[in-house]
There are 2 protein chains.
Amino acid sequence: MKYIEKLRNSGLRPTKQRLQICEVLFDVDETFHFTIYDLAKKIKKKHNNKISLATVYNTVHAFEKKGYLKQIPINSNQTYFDTNVSDHHHFYDLSEEKLIDLKNSDVGPINIKKKIDGKKIKSVEVLVKLED
Amino acid sequence: MKYIEKLRNSGLRPTKQRLQICEVLFDVDETFHFTIYDLAKKIKKKHNNKISLATVYNTVHAFEKKGYLKQIPINSNQTYFDTNVSDHHHFYDLSEEKLIDLKNSDVGPINIKKKIDGKKIKSVEVLVKLED
DNA sequence: AAAGTACTTTATAATGATTCTAAACAAGTG
DNA sequence: CACTTGTTTAGAATCATTATAAAGTACTTT
């Protein structure tokens with residue numbers, strides 16, 4: 001199984017549940033955005049078994065910490081994640097409440113001129129809100 | 001009272017509670033970031049009376065809809081608001097969990113090259129995450 | 001392979017922010 | 001003042017997320 005090593009490298013034991021979650025998240029042609037609830041539904045559909053919500057939360061957070069997933073900064077009642085962990089940005093369609101990827105090359109270079117002493121920049125994320 | 005007209009113009013009745021909230025939010029030299037809970041505490045301290053949390057929520061959301069407040073897109077368990085409604089951006093200091101304003105002039109111009117049919121851009125917000 | 005340990009999963013309970021409800025109240029209008 | 005409409009309120013309800021602790025599984029050591 002191709003995800004066993006990925007998990008091992010992160011100090012996570014390759015359990016049946018984690019492997020199933022990996023398949024849903026990473027065994028696809030295109031990256032996608034999801035909430036925990038979405039993901040739980042997808043797993044149930046694909047593998048025809050239910051993984052405890054607590055496990056889905058734990059695993060997603062472990063993956064996020066390891067850099068396999070990214071949290072998307074957006075104001076919503078639910079937390080959105082992205083399987084696209086490359087440096088990129090987002091449109092947020094307000095009327096449809098949907099996220100759309102914005103490739104890095106679709107946004108001109110961003111120059112942050114202000115510096116904060118003793119801190120370094122970890123990420124620069126742009127959220128472009130869309131209305132009709 | 002200087003906020004009465006502001007409220008009236010927005011179709012909001014100038015009630016005692018709304019005026020008190022206005023004073024806490026807008027009667028200050030510098031703009032600031034806050035959560036609903038922060039705001040409720042500030043009101044209690046400044047006016048020495050308690051406004052129902054439900055009212056604080058209602059009023060903040062009404063103000064946000066009218067453009068008197070801005071929601072800050074950030075992943076946190078609580079929603080952050082900003083009394084600075086001008087076009088600007090934010091640093092988010094991950095270790096101190098604190099927001100810092102980034103003036104528009106501190107960020108080079110942002111050029112969004114991709115267009116979505118039938119949608120127009122409402123806002124462009126940059127979140128710069130800081131680590132130690 | 002058995003035994004021991006450390007990590008995982010799970011159902012369920014707990015938490016905490018936010019929203020809803022419906023009754024009491026205040027503001028605006030004639 | 002009488003009337004309508006908007007507002008406030010405490011408390012209940014909701015919903016995402018986190019904590020708990022018991023049962024299960026993976027890995028290591030013999």
Side-chain angles (χ1 to χ4, degrees), chain A residues 1 3-24 33-44 47-66 68-69 71-81 97 99, chain B residues 1 3-25 33-44 47-66 68-69 71-81 97:
Chain A
M1 282 288 267
Y3 298 114
I4 291 181
E5 190 157 3
K6 182 171 184 166
L7 289 167
R8 278 240 166 72
N9 285 340
S10 308
L12 298 173
R13 289 185 179 171
T15 63
K16 180 162 67 81
Q17 290 86 343
R18 285 185 181 148
L19 290 169
Q20 287 189 350
I21 294 175
C22 278
E23 283 176 41
V24 173
H33 309 121
F34 66 94
T35 64
I36 297 288
Y37 182 74
D38 292 341
L39 182 57
K41 266 199 312 195
K42 274 198 173 176
I43 294 163
K44 200 169 176 181
H47 295 283
N48 213 48
N49 64 346
K50 181 177 160 295
I51 295 181
S52 164
L53 252 194
T55 301
V56 181
Y57 272 100
N58 288 341
T59 304
V60 165
H61 285 139
F63 285 176
E64 198 236 338
K65 192 170 291 173
K66 296 301 175 187
Y68 298 156
L69 292 174
Q71 237 187 296
I72 304 172
I74 189 183
N75 279 110
S76 163
N77 47 332
Q78 284 171 92
T79 302
Y80 276 82
F81 292 90
E97 295 187 353
L99 283 160
Chain B
M1 282 286 268
Y3 299 113
I4 291 181
E5 191 157 3
K6 181 170 184 166
L7 290 167
R8 276 236 170 75
N9 286 340
S10 308
L12 299 172
R13 288 186 181 171
T15 63
K16 181 164 67 82
Q17 290 85 344
R18 284 183 181 147
L19 290 169
Q20 288 188 349
I21 294 175
C22 279
E23 284 177 41
V24 173
L25 289 177
H33 309 122
F34 66 93
T35 64
I36 297 289
Y37 182 76
D38 292 341
L39 183 56
K41 267 201 309 195
K42 273 197 175 177
I43 294 164
K44 200 168 175 181
H47 294 284
N48 213 49
N49 64 346
K50 181 177 162 292
I51 295 182
S52 163
L53 254 193
T55 301
V56 182
Y57 273 100
N58 288 342
T59 304
V60 165
H61 286 138
F63 286 177
E64 197 236 339
K65 193 170 290 173
K66 296 301 177 184
Y68 299 157
L69 291 174
Q71 238 187 295
I72 304 172
I74 189 182
N75 279 110
S76 163
N77 48 331
Q78 284 171 92
T79 303
Y80 276 82
F81 293 90
E97 295 186 354

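The model shown is predicted, which means the values in this text are computed figures rather than measured ones. Just so it is clear: chains get the letters A, B, ... in the order the sequence lines come, proteins before strands, and each one is counted from 1.
- When the shell of 6.0 Å around CG of B/Asn9 is examined, it contains more than 12 heavy atoms from other residues, nucleotides or ligands.
- Using a distance-only test at 3.5 Å, with no hydrogens or angles considered, a donor-acceptor pair links the side chain of A/Arg18 to the main chain of A/Arg13.
- Between A/His61 and D/dT18 there is a side-chain N or O to OP1 or OP2 distance below 4.0 Å.
- Between the CG atom of A/Leu19 and the C1' atom of C/dT8 there is a distance of 13 Å, rounded to whole Å.
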So A/Phe81 and A/Ile36, side chain to side chain contact (heavy atoms under 4.5 Å, CB included) or not? Walk me through it.
CA-CA 8 Å; A/Phe81 292 90; A/Ile36 297 288; 4.0 Å; yes

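- Remark on DNA chain C: of its neighbouring residues B/Lys16 and A/Gly11, the 5'-side contact belongs to A/Gly11, judged by nearest-heavy-atom nucleotide.
- Contact annotation: B/Lys50 does not reach the phosphate of D/dT9 (side-chain N/O to OP1 or OP2, under 4.0 Å).
- One end of the helix from C/dA1-D/dT30 to C/dG30-D/dC1 points its axis 30° away from the other end's axis, with each axis taken from 5 pairs and the angle rounded to 10°.
- In terms of position along DNA chain D, the nucleotide closest to B/Arg13 lies nearer the 5' end than the nucleotide closest to the other residue of the pair B/Thr55 and B/Arg13.
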Could you walk me through whether B/Asp38 and B/Thr35 satisfy the side chain to side chain donor-acceptor pair (under 3.5 Å) test, starting with their C-alpha distance in whole Å, then the side-chain angles of each, then the deciding distance to 0.1 Å, before giving a yes or no?
CA-CA 5 Å; B/Asp38 292 341; B/Thr35 64; 3.2 Å; yes

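- Computed from coordinates, the A/Arg18 CZ to C/dT8 C1' distance equals 6 Å when rounded to whole Å.
- Rounded to whole angstrom, the span from the CD1 atom of A/Ile21 across to the P atom of C/dT9 amounts to 7 Å.
- If you measure from atom CD1 of A/Ile51 to atom P of C/dA11, you get 11 Å, rounded to the nearest angstrom.
- With rounding to whole Å, A/Tyr80 atom OH is found 16 Å from D/dT17 atom C1'.
- Between A/Thr15 and C/dT9 there is a side-chain N or O to OP1 or OP2 distance below 4.0 Å.
- Atom CG in B/Asn58 sits roughly 18 Å away from atom P in C/dA17 (whole-Å rounding).
- Residue B/Tyr57 has no polar side-chain atom (N or O) positioned under 4.0 Å from OP1 or OP2 of C/dT19.
- Relative to the ring axis of A/Tyr68, A/Lys6 places its NZ or CZ within 45° and under 6.0 Å from the centre.
- Between B/Arg8 and C/dG28 there is a side-chain polar atom (N or O) within less than 4.0 angstrom of OP1 or OP2.
- The interatomic distance linking A/Gln78 (CD) with C/dT19 (P) rounds to 13 Å, in whole Å.
- The shortest distance between the side-chain N/O atoms of B/Gln17 and the OP1/OP2 oxygens of D/dT9 is below 4.0 Å.
- Close to C/dA17, at under 4.0 Å from its OP1 or OP2, lies no side-chain N or O of B/Thr35.
- Spacing between atom OH of B/Tyr37 and atom C1' of C/dG16 amounts to 11 Å, rounded to whole angstrom units.
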Under the criterion side chain to side chain contact (heavy atoms under 4.5 Å, CB included), I'd like the reasoning laid out for B/Tyr3 against B/Ile21: C-alpha separation, chi angles, the key distance, then a yes or no.
CA-CA 10 Å; B/Tyr3 299 113; B/Ile21 294 175; over 6 Å; no

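- The closest donor-acceptor contact from the side chain of B/Ser52 to the backbone of B/Ala54 lies under 3.5 Å.
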